[in-house]
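Report on one structure; see the data block that follows.
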Amino acid sequence: KYWVLTLFAIMAVWGRTSASLSVPGRQGEEGCTGGALRCGVNRTSLRRHDSVYFVHLPHTGGTTLRQGLLAVCGDHPTLNCYQSKLAGFLQQSTRHTRPGITYVEKDRVPRLSSLQGRFADLAFGHLPLNKEKIYACMTGIPFIFTVIRDPYEVARSDYFHNKIDMSPNKWLKSGYFNSQTTVSRLTDGRCSQSADCEHLKGAMLQFDTILERTASDSIQGMVPILRDTIDNIWPGRGAHFSNEILGKSESLNVIGAKHNYTLFDSQVSPAVRAIFHEKNAALYDAYAFARTLSTFRTS
């Protein structure tokens, strides 16, 4: 009789302890019910993940990584996969769509209602960072990652991508730069400019892993880290990811060769570089801060 009472007492204490270790950011954290929600998991110590959420920041190699994640989903995926909608005519082109992939609104975290009541296994693309919303729509504990790049290198890539018809010096001096998209995505719309945004450093703390792109061919260096993570979640699917990325190595090098970065740099004066750095001070601070974190991974 006493053993039975003791057993019930231990179970009661365990139940309260589990509730206190509930995954942060979940809706209904106290009750923590639902097929995909996992209560009683200490995420920090176990590092166990059940799904993947990729925040694609502009000109960091994210398009190539998205193709790798599409390969993880497969042509007829058993995983519940979501990708942000593509811009303009690309959105309507069947060449840029895949069977079984659901396309969700750009720069909005998918809501569970829009996912037809199913938690997402994979969500990637031009999606914002908001940990609470992400945990509410992803299966179990999501692996949240992004790729960062020196803001000047992002601007330089943006110049070639958009085929700007003016000198690099004049273009940077004019104040045009695509930092608004990066800042807004990292803060889920709380900031639109990088000069005085106080939320950017905090945003970096929400990622499980932050990778850095330093050159066009460094995308291949990210493959082992992401392949192993994918394999830990879905055994055997990491190879689909790595084979898709490594198969694009030749085309990536061709793209990089077309952009004369050395010529671009030679046409930007030190004064304009300083102005650019000042206008994007908060973004530079967040970039430097991210590189100090334990979640930062070099490729």
Side-chain angles (χ1 to χ4, degrees), residues 54-67 86-88 90 106-107 125-126 129 145-187 191-197 200-201 203-204 210-223 245 248-291 296-299:
F54 170 46
V55 178
H56 176 186
L57 301 177
H59 306 297
T60 57
T63 300
T64 301
L65 295 181
R66 288 167 67 165
Q67 293 300 312
L86 300 170
L90 294 179
K106 181 180 177 181
D107 286 318
H126 296 301
L129 177 67
F145 81 97
T146 194
V147 181
I148 61 173
R149 193 177 186 182
D150 184 292
Y152 173 79
E153 292 185 12
V154 173
R156 188 174 57 184
S157 181
D158 195 47
Y159 176 88
F160 287 106
H161 177 78
N162 290 297
K163 301 177 181 178
I164 304 299
D165 189 21
M166 68 175 71
S167 71
N169 203 61
K170 185 178 180 180
W171 179 71
L172 285 178
K173 191 175 181 180
S174 69
Y176 172 80
F177 172 53
N178 195 23
S179 64
Q180 180 176 348
T181 301
T182 298
V183 172
S184 179
R185 195 164 294 159
L186 284 172
T187 62
C191 292
S192 60
Q193 301 296 329
S194 70
D196 57 355
C197 181
L200 281 171
K201 283 188 177 180
M204 297 302 176
I210 299 173
L211 300 165
E212 182 182 25
R213 181 182 178 185
T214 55
S216 60
D217 61 350
S218 70
I219 296 173
Q220 281 70 40
M222 304 174 190
V223 170
I245 301 296
K248 295 182 179 296
S249 298
E250 185 176 345
S251 62
L252 286 171
N253 291 333
V254 169
I255 292 172
K258 290 193 304 181
H259 299 162
N260 194 334
Y261 292 147
T262 303
L263 179 62
F264 180 97
D265 293 341
S266 69
Q267 296 180 12
V268 178
S269 68
V272 170
R273 284 285 292 264
I275 292 171
F276 176 84
H277 196 290
E278 182 180 355
K279 286 184 176 180
N280 295 279
L283 194 58
Y284 267 107
D285 286 345
Y287 170 73
F289 177 65
R291 300 180 87 245
F296 177 77
R297 301 286 182 269
T298 55
S299 55

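Just the heavy atoms: all of them, side chains too, but no hydrogens, waters or symmetry mates, feed the values below.
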*Evaluate the ring planes of Phe160 and Tyr261, with Trp represented by its six-membered ring, and classify them as parallel (under 30°), tilted (30 to 60°) or perpendicular (over 60°).*
perpendicular
_Let me confirm one number: the CZ-CD1 distance from Arg297 to Ile210, rounded to the nearest 0.5 Å._
9.5 Å
_Thr187 side chain vs Val183 backbone, donor-acceptor pair below 3.5 Å_ = yes
*Distance under 6.0 Å and angle within 45° of the ring axis: does Arg66 meet both against Phe54?*
no
_Smallest separation among heavy atoms of Val147 and Met222, with atom names_ = CG1-CE, 3.4 Å
_Leu186 and Met204, any side-chain heavy atoms less than 4.5 Å apart_ = yes
*Hey, what do you get for CZ (Phe264) to CH2 (Trp171), rounding to the nearest 0.5 Å?*
5.5 Å
*asked:* Quick check: closest heavy atoms across Phe276 and Pro151, and the distance to 0.1 Å?
replied: CZ-O, 3.6 Å
_If I take atom OG1 from residue Thr181 and atom NZ from residue Lys106, how far apart are they, to the nearest 0.5 angstrom?_
6.5 Å
_Check: Arg185 side chain, His56 main-chain N or O, donor-acceptor pair, under 3.5 Å_ = yes
*Going by heavy atoms in the side chains, are Phe289 and Asp285 under 4.5 Å from each other?*
no
*Contact check, side chains of Ile245 and Leu65, non-hydrogen atoms, under 4.5 Å*: yes
*What's the shortest heavy-atom distance between Tyr152 and Asp265, and which atoms?*
OH-OD1, 2.7 Å
_Using 0.5 Å steps for rounding, measure from the CZ atom of Arg149 to the NE2 atom of His59._
8.5 Å
*For the atom pair OG1 (Thr146) and CG (Leu57), what is the distance rounded to the nearest 0.5 Å?*
3.5 Å
*Going from CG on Leu172 to CD on Gln267, what distance comes out if it is rounded to the nearest 0.5 angstrom?*
11.0 Å
*Quick one: closest heavy-atom pair of Gly61 and Ile219, and the distance?*
CA-CD1, 3.7 Å
*At their closest point, which heavy atom of Glu153 faces which heavy atom of Thr214, and how far apart are they?*
OE1-O, 3.6 Å
*With no hydrogens and no angle check, is any side-chain donor or acceptor of Asn162 less than 3.5 Å from a backbone partner on Ile164?*
no
_Heavy-atom pair of closest approach, residues Pro58 and Val154_ = O-CG1, 3.7 Å
*Please work out which of the three classes, parallel, tilted or perpendicular, describes the rings of Tyr284 and His277, given edges at 30° and 60°.*
parallel
